[in-house]
Chemist: 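I'd like to ask you about the structure that follows.
Keep in mind it's a predicted model, so treat the numbers as computed, not measured.
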Amino acid sequence: RTQHFREFYFVKTEEVHTHNFASVNVTKQPTCSTVGEKTLICSCGQSQFVAIPATGEHSFVNNVCTQCPSILSEEGFILTLNEDGKSYTLSDFIADESKTEIFIPDLYNDLPITAIGNMAFQNCQQITSIRLPDTLTSIGEIAFDNCINLSIIIIPNGVTVIQDGAFMRCEKLFNVIVPDSVTNIGTSTFLLCENLTNITYQGTCEQWNAILKKLDWFGANRHYTIH
């Protein structure tokens, strides 16, 4: 007679633990321009790091930011010292509604202004004209977005990069002068500039065709003339 045996296995199941990161330890405070960091700690000992966004708000004492290498000029320009320590980026502008004509100098504290930062003049709708410094080499993303009363822009010789959306929504812009130093024009640079039909280029046809122009740099389905 054959005997059959059944085997029984007992599996111990562990209770699933849901982390409760109730304890927070800020290890690095954010500043106006740098990201901070905090550590979240669970009762089980597990931890994770989380970034704290930069505040974006400068703290000026005697026109010098206490948190970053930025200064506030008398004209309302916020100038941030570049990593090379030898030049500035105009990173923001504290708008004065009474000022419609803006003059940006070539030098500040004997150092050149080489870049217009991202969003530096965005929504400054009172500006009708602006003089860019001859020391400029780049114009940041949406730097002049929605400057609806800006009518003409002369880009200085020496600028190589015009980034995405730099002049988008400048409704009254009707002429742009582009130097032959420009090598890159970003996406949607002149999007919704409905009155812009002419671009004055200071180089040759071959140089113009050699410029790296991203998708819809001028805006879709629009015609323009290069002079």
Chemist: Fit a plane to each ring of Phe167 and Phe144, take the angle between them on a 0 to 90° scale, and name the class: parallel (under 30°), tilted (30 to 60°) or perpendicular (over 60°).
Modeler: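 If you compare the ring of Phe167 with that of Phe144, the planes turn out parallel.
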
Chemist: Donor-acceptor pair, Thr135 side chain versus Ile113 backbone, under 3.5 Å?
Modeler: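 Flag set: sc Thr135 to bb Ile113 pair under 3.5 Å.
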
Chemist: For the residue pair Ser87 and Leu81, what are the closest heavy atoms and their distance?
Modeler: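 Scanning both residues completely, I find the closest heavy atoms to be O-CD1, 3.5 Å.
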
Chemist: With distance as the sole test, does Asn118 use its side chain to make a donor-acceptor pair with the main-chain N or O of Glu141 at under 3.5 Å?
Modeler: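 Flag set: sc Asn118 to bb Glu141 pair under 3.5 Å.
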
Chemist: State whether a side-chain donor-acceptor pair under 3.5 Å links Asn195 with Lys172.
Modeler: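 Absent: no donor and acceptor within the cut-off.
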
Chemist: I'd like to check the salt bridge (Lys or Arg N to Asp or Glu O under 4.0 Å) partners of Asp134; sequence neighbours left out, ordered by chain and number.
Modeler: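 Only Arg131 meet the salt bridge (Lys or Arg N to Asp or Glu O under 4.0 Å) criterion with Asp134.
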
Chemist: What orientation do Phe93 and Phe77 show, parallel under 30°, tilted 30 to 60°, or perpendicular over 60°?
Modeler: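 If you compare the ring of Phe93 with that of Phe77, the planes turn out tilted.
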
Chemist: Between Asp84 (side chain) and Lys86 (backbone), is there a donor-acceptor pair under 3.5 Å?
Modeler: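 Yes, because the side chain of Asp84 sits within donor-acceptor range (under 3.5 Å) of the backbone of Lys86.
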
Chemist: In this structure, are over 12 heavy atoms from other groups packed under 6.0 Å from Ile154 atom CD1?
Modeler: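 Incorrect, the count does not exceed 12.
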
Chemist: Check whether the side chains of Gln202 and Asp180 place a donor and an acceptor atom closer than 3.5 Å, and report yes or no.
Modeler: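 No, no side-chain donor-acceptor contact under 3.5 Å.
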
Chemist: If you look only at pairs with a residue in residues 156-165, which of them pass as a side chain to side chain donor-acceptor pair (under 3.5 Å), with sequence neighbours excluded?
Modeler: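 Qualifying pairs: Asn157-Ser181.
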
Chemist: Is the shortest heavy-atom distance from the side chain of Tyr201 to the side chain of Val182 under 4.5 Å?
Modeler: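 Contact flag for Tyr201/Val182 side chains = no.
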
Chemist: Write down the atom of Pro179, the atom of Pro156, and the distance for their closest heavy-atom approach.
Modeler: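 The answer is CG-O, 3.2 Å.
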
Chemist: With a 4.5 Å limit on heavy-atom distance, are the side chains of Val161 and Thr137 in contact?
Modeler: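 With C-beta onward as the side chain, the pair stays apart.
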
Chemist: With a 4.5 Å cut-off on side-chain heavy-atom distances among I, L, V, M, F, W and Y, is there a chain of contacts connecting Leu107 to Leu136?
Modeler: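 Leu107 does not cluster with Leu136.
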
Chemist: From Cys124 SG over to Met119 CE, what is the distance, rounded to the nearest 0.5 angstrom?
Modeler: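 It comes to 12.0 Å.
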
Chemist: Shortest non-hydrogen contact from Leu150 to Ser129?
Modeler: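 Distance-wise, the nearest heavy atoms are CD1-CA, 3.8 Å.
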
Chemist: Can you find a pair of side-chain heavy atoms, one from Val176 and one from Leu196, that are under 4.5 Å apart?
Modeler: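 In contact.
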
Chemist: Could you state the interatomic distance from CE (Met168) to OG (Ser188), rounded to the nearest 0.5 Å?
Modeler: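 Answer for the CE-OG pair, Met168 versus Ser188, is 5.5 Å.
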
Chemist: With the side chain counted from C-beta on, respond yes when Ile127 and Phe121 share a heavy-atom pair under 4.5 Å apart, and no when they do not.
Modeler: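 Of all side-chain heavy-atom pairs linking Phe121 with Ile127, at least one is under 4.5 Å.
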
Chemist: Flag the pair Ile153 / Asn175 as yes when at least one side-chain heavy-atom distance between them is below 4.5 Å, and no otherwise.
Modeler: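 No, too far: nothing below the 4.5 Å cut-off.
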
Chemist: Would Asn146 and Asn123 count as having a side-chain donor-acceptor pair, cut-off 3.5 Å?
Modeler: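 Result is yes, a qualifying pair exists.
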
Chemist: In this structure, would Ile199 and Val159 fall into the same cluster of hydrophobic residues linked by side-chain contacts under 4.5 Å?
Modeler: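 In one cluster: yes.
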
Chemist: Look up atom CG in Leu90 and atom OG in Ser70, then write down how far apart they are to the nearest 0.5 Å.
Modeler: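 Leu90 CG to Ser70 OG: 10.0 Å, rounded to 0.5 Å.
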
Chemist: Go through the steps to decide whether Thr183 and Ile211 satisfy the test side-chain contact (heavy atoms from CB on, under 4.5 Å), and finish with yes or no.
Modeler: CA-CA 5 Å; Thr183 58; Ile211 295 175; 5.8 Å; no

Chemist: Taking all non-hydrogen atoms of both residues into account, name the closest pair between Gly117 and Ala143 and its distance.
Modeler: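 Closest approach of Gly117 to Ala143: O-CB, 3.7 Å.
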
Chemist: Between Ile94 and Ile78, does the side-chain contact (heavy atoms from CB on, under 4.5 Å) criterion hold? Intermediate values first, please.
Modeler: CA-CA 8 Å; Ile94 300 177; Ile78 295 178; 4.3 Å; yes

Chemist: Evaluate Trp208 against Ile226 for side-chain contact (heavy atoms from CB on, under 4.5 Å), listing each step before the verdict.
Modeler: CA-CA 9 Å; Trp208 174 256; Ile226 303 296; 3.4 Å; yes

Chemist: Provide the closest heavy-atom pair for Leu72 versus Tyr108 in the form atom of the first, atom of the second, distance.
Modeler: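 Scanning both residues completely, I find the closest heavy atoms to be O-OH, 4.3 Å.
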
Chemist: Rounded to the nearest 0.5 Å, what's the gap from OG1 on Thr187 to NZ on Lys213? Could you check?
Modeler: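 Here the interatomic distance stands at 13.0 Å.
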
Chemist: Using a 4.5 Å cut-off on heavy atoms from C-beta on, say whether the side chain of Ile104 contacts that of Ile130.
Modeler: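 Ile130 vs Ile104: side chains touch.
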
Chemist: Mind checking whether Leu191 and Arg169 have side chains closer than 4.5 Å, heavy atoms only?
Modeler: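 Not touching, per the 4.5 Å side-chain cut-off.
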
Chemist: Between the side chains of Asn149 and Thr128, does any donor sit under 3.5 Å from an acceptor?
Modeler: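 Checked: Asn149/Thr128 side chains show no N/O donor-acceptor pair below 3.5 Å.
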
Chemist: Quick one, Tyr88 and Thr80 - any side-chain contact, counting heavy atoms below 4.5 Å?
Modeler: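 Tyr88 does not reach Thr80 side chain to side chain.
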
Chemist: With rounding to the nearest 0.5 angstrom, report the CG to CD distance, Leu173 to Glu194.
Modeler: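 Output value for this atom pair is 11.5 Å.
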
Chemist: Would you give the length of the straight line joining atom CD1 of Ile185 to atom CG of Leu212, rounded to the nearest 0.5 angstrom?
Modeler: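 Reported value, rounded in 0.5 Å steps: 9.0 Å.
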
Chemist: Considering residues at least two apart in sequence or located in another chain, which fulfil the side-chain contact (heavy atoms from CB on, under 4.5 Å) criterion with Lys99?
Modeler: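 Lys99 satisfies side-chain contact (heavy atoms from CB on, under 4.5 Å) with Asp96, Ile102 once adjacent residues are dropped.
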
Chemist: Grab the two heavy atoms, one from Ala166 and one from Ile139, that are nearest each other, plus how far apart they are.
Modeler: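 Shortest heavy-atom separation between Ala166 and Ile139 comes out as CB-CG2, 4.0 Å.
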
Chemist: Between Ile52 and Val26, is a side-chain contact (heavy atoms from CB on, under 4.5 Å) present by the stated rule, with each step listed?
Modeler: CA-CA 9 Å; Ile52 306 174; Val26 177; 4.1 Å; yes

